[in-house]
Amino acid sequence: LVEALPYIQEYAGKIIVVKYGGNAMINEDLKQAVIEDIVLLNLVGIKVVLVHGGGPEISEMLKKIGKESKFVKGLRYTDRETMDIVQMILCGKVNKNLVSLFEKAGGRAVGLGGMDGGLFKAIRLVDPDGTEYGYVGDVKEVNADLLASLIHQGIVPVLAPLTHDKQGHMLNTNADTIAGEAAKALAKHFDVTLVFCFEKKGVLRDENDDESVIPEIDRTVFKQLVEEGIIQGGMIPKLENSFQAIDAGVKEVIITQASEIHQGKGTKVY
């Protein structure tokens, strides 16, 4: 609590949208610690929306049924059979397991998919160059009122990254995108911070050195680090999403390790 005090004082009464995913979701002890941190933040007046991933669990289930995972430009290609598995793992196993951990930790949470209450409306994602991804969603609308209603009741919304196209089709949607869109929608009315938490301590200057965290990044620094090859791969779109969120009114974006979510450490994006 003493370590977290400056963070609590800075963010009390504000909303933090947390995207939690990657390998940080596999370790059960770490998962429990993350939920306990979020319950603590909620109890001291920091309102949290949790968006989770589930890629490793989806890949594991596809492997069990003998289906190969296919990725296009970093996104999982989702045909009808894969969509059934995605829905089962995300809305069933992962989402409800996280909600049960909140209950265990003494918190209050509600698990939602993007189709619940019209939370997220989307269309199928197709790139301008014609690249198709199957049943993958591109978010067009967020029901921020539903999120705000839950938050004001002291309930943590736990969001599975699925959307609906209003035509009867479920759409697999990137969890970073879901978190970013939720943060942007809430930022129209509230003071919002977006947090991406995963297995690393932040954006690293040296990927082999976990302590080489870059404390702050703005657009100029981002461009320089990309040109130097220090920032590459999946971190590039994560940071691009971060700047888009800031353009839409999100106060700041923090990229941090899941175990340090309560301390505000990591890389801050301005």
Side-chain angles (χ1 to χ4, degrees), residues 1-22 24-25 27 29-52 98 101-102 105-109 147-148 150-158 176 179-180 182-184 186-187 189-205 209-222 225 235 238-239 241-243 245-270:
L1 281 171
V2 172
E3 291 177 351
L5 182 58
Y7 186 53
I8 291 170
Q9 289 173 323
E10 182 177 356
Y11 292 94
K14 301 176 183 177
I15 295 175
I16 299 181
V17 177
V18 177
K19 188 272 177 166
Y20 173 45
M25 291 190 66
N27 184 304
D29 291 338
L30 178 56
K31 189 185 297 184
Q32 181 68 45
V34 168
I35 299 304
E36 290 173 351
D37 280 351
I38 293 174
V39 170
L40 170 63
L41 295 177
N42 210 43
L43 287 172
V44 298
I46 300 174
K47 308 304 182 182
V48 180
V49 176
L50 179 64
V51 179
H52 66 80
L98 288 172
L101 289 176
F102 273 100
R108 298 172 65 205
L147 291 177
L150 293 169
I151 291 167
H152 289 318
Q153 295 178 66
I155 297 171
V156 177
V158 181
D176 285 358
K184 288 191 283 186
L186 288 167
H189 307 286
F190 305 100
D191 193 332
V192 178
T193 291
L194 174 60
V195 177
F196 292 106
C197 65
F198 63 144
E199 63 273 11
K200 300 295 184 180
K201 292 186 176 182
V203 182
L204 303 180
R205 186 169 292 277
D209 180 4
D210 288 341
E211 302 303 322
S212 63
V213 177
I214 302 169
E216 296 181 358
I217 293 179
D218 60 15
R219 279 187 170 84
T220 301
V221 173
F222 172 60
L225 293 176
M235 188 56 70
K238 192 180 293 290
L239 283 163
N241 282 336
S242 299
F243 290 122
I246 290 170
D247 286 342
V250 174
K251 177 184 175 183
E252 66 178 357
V253 181
I254 302 172
I255 301 174
T256 188
Q257 192 171 46
S259 61
E260 296 184 342
I261 187 174
H262 64 291
Q263 296 183 30
K265 295 181 178 179
T267 300
K268 292 188 177 183
V269 185
Y270 296 95

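The structure displayed is predicted, hence computed values, not measured ones. When a residue number appears, it is its place in the shown sequence, counting from 1. For the numbers below, each heavy atom of this structure counts, side chains included, while hydrogens, waters and symmetry mates do not.
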*Minimum-distance pair of heavy atoms, taken over all atoms of A109 and V158*: CB-CG2, 3.9 Å
_Just so I know, are the side chains of V34 and M25 near enough to count as touching, which here means a heavy-atom distance under 4.5 Å?_
no
*Any idea which heavy atoms bring E216 and V221 closest together, and the distance?*
O-CG1, 4.4 Å
*L30 CG to Q257 CD distance, which is reported to the nearest 0.5 Å*: 7.5 Å
*In Å and rounded to the nearest 0.5 Å, what is the CD to NZ distance from E10 to K251?*
5.0 Å
*Testing Y270, F243, F196 for side chain to side chain contact (heavy atoms under 4.5 Å, CB included) with V253, which one passes?*
F196
*Residues F222, V269; criterion side-chain contact (heavy atoms from CB on, under 4.5 Å); working and verdict*: CA-CA 9 Å; F222 172 60; V269 185; over 6 Å; no
*Taking the side chain from T267 and the backbone from V203, do they hold a donor-acceptor pair closer than 3.5 Å?*
yes
_Within the 4.5 Å heavy-atom criterion, are L50 and I35 side-chain neighbours or not?_
yes
*Any I151 side-chain heavy atom under 4.5 Å of P157 side chain*: yes
*Taking all non-hydrogen atoms of both residues, which atom of V18 and which atom of C197 are closest, and how far apart?*
CG1-SG, 3.8 Å
*Nearest heavy-atom neighbours spanning A245 and L194*: CB-CD2, 4.1 Å
_So, using side-chain hydrogen bond (donor to acceptor under 3.5 Å, both in side chains) as the criterion, who are the partners of K47 when residues are at least two apart?_
none
*Which heavy atom in L225 sits nearest to a heavy atom in I214, and how many Å separate them?*
CD1-CD1, 3.6 Å
*Out of curiosity, L147 CG to F190 CZ, how far, rounded to the nearest 0.5 Å?*
9.5 Å
_Is it the case that the side chain of S212 and the backbone of L204 share a donor-acceptor pair, with hydrogens and angles ignored and the cut-off at 3.5 Å?_
no
*How long is the span from the CD atom in Q32 to the CG atom in N27, to the nearest 0.5 Å?*
11.0 Å
*To the nearest 0.5 Å, tell me how far I38 CD1 sits from L43 CG.*
12.0 Å
_With D210, the salt bridge (Lys or Arg N to Asp or Glu O under 4.0 Å) member among K200, R205, K201_ = K200
_L239 side, atom CG; I217 side, atom CD1 - distance, nearest 0.5 Å_ = 5.0 Å
_Taking salt bridge (charged side-chain N to carboxylate O under 4.0 Å, His left out) as the cut-off, I'd like each qualifying pair that reaches into residues 13-22, sequence neighbours left out, listed once._
K14-D191, K19-D176
*Which pair of non-hydrogen atoms, one from A105 and one from E36, has the smallest distance, and what is that distance?*
CB-CG, 4.1 Å
*Do the side chains of L98 and K31 get nearer than 4.5 Å, heavy atoms only?*
yes
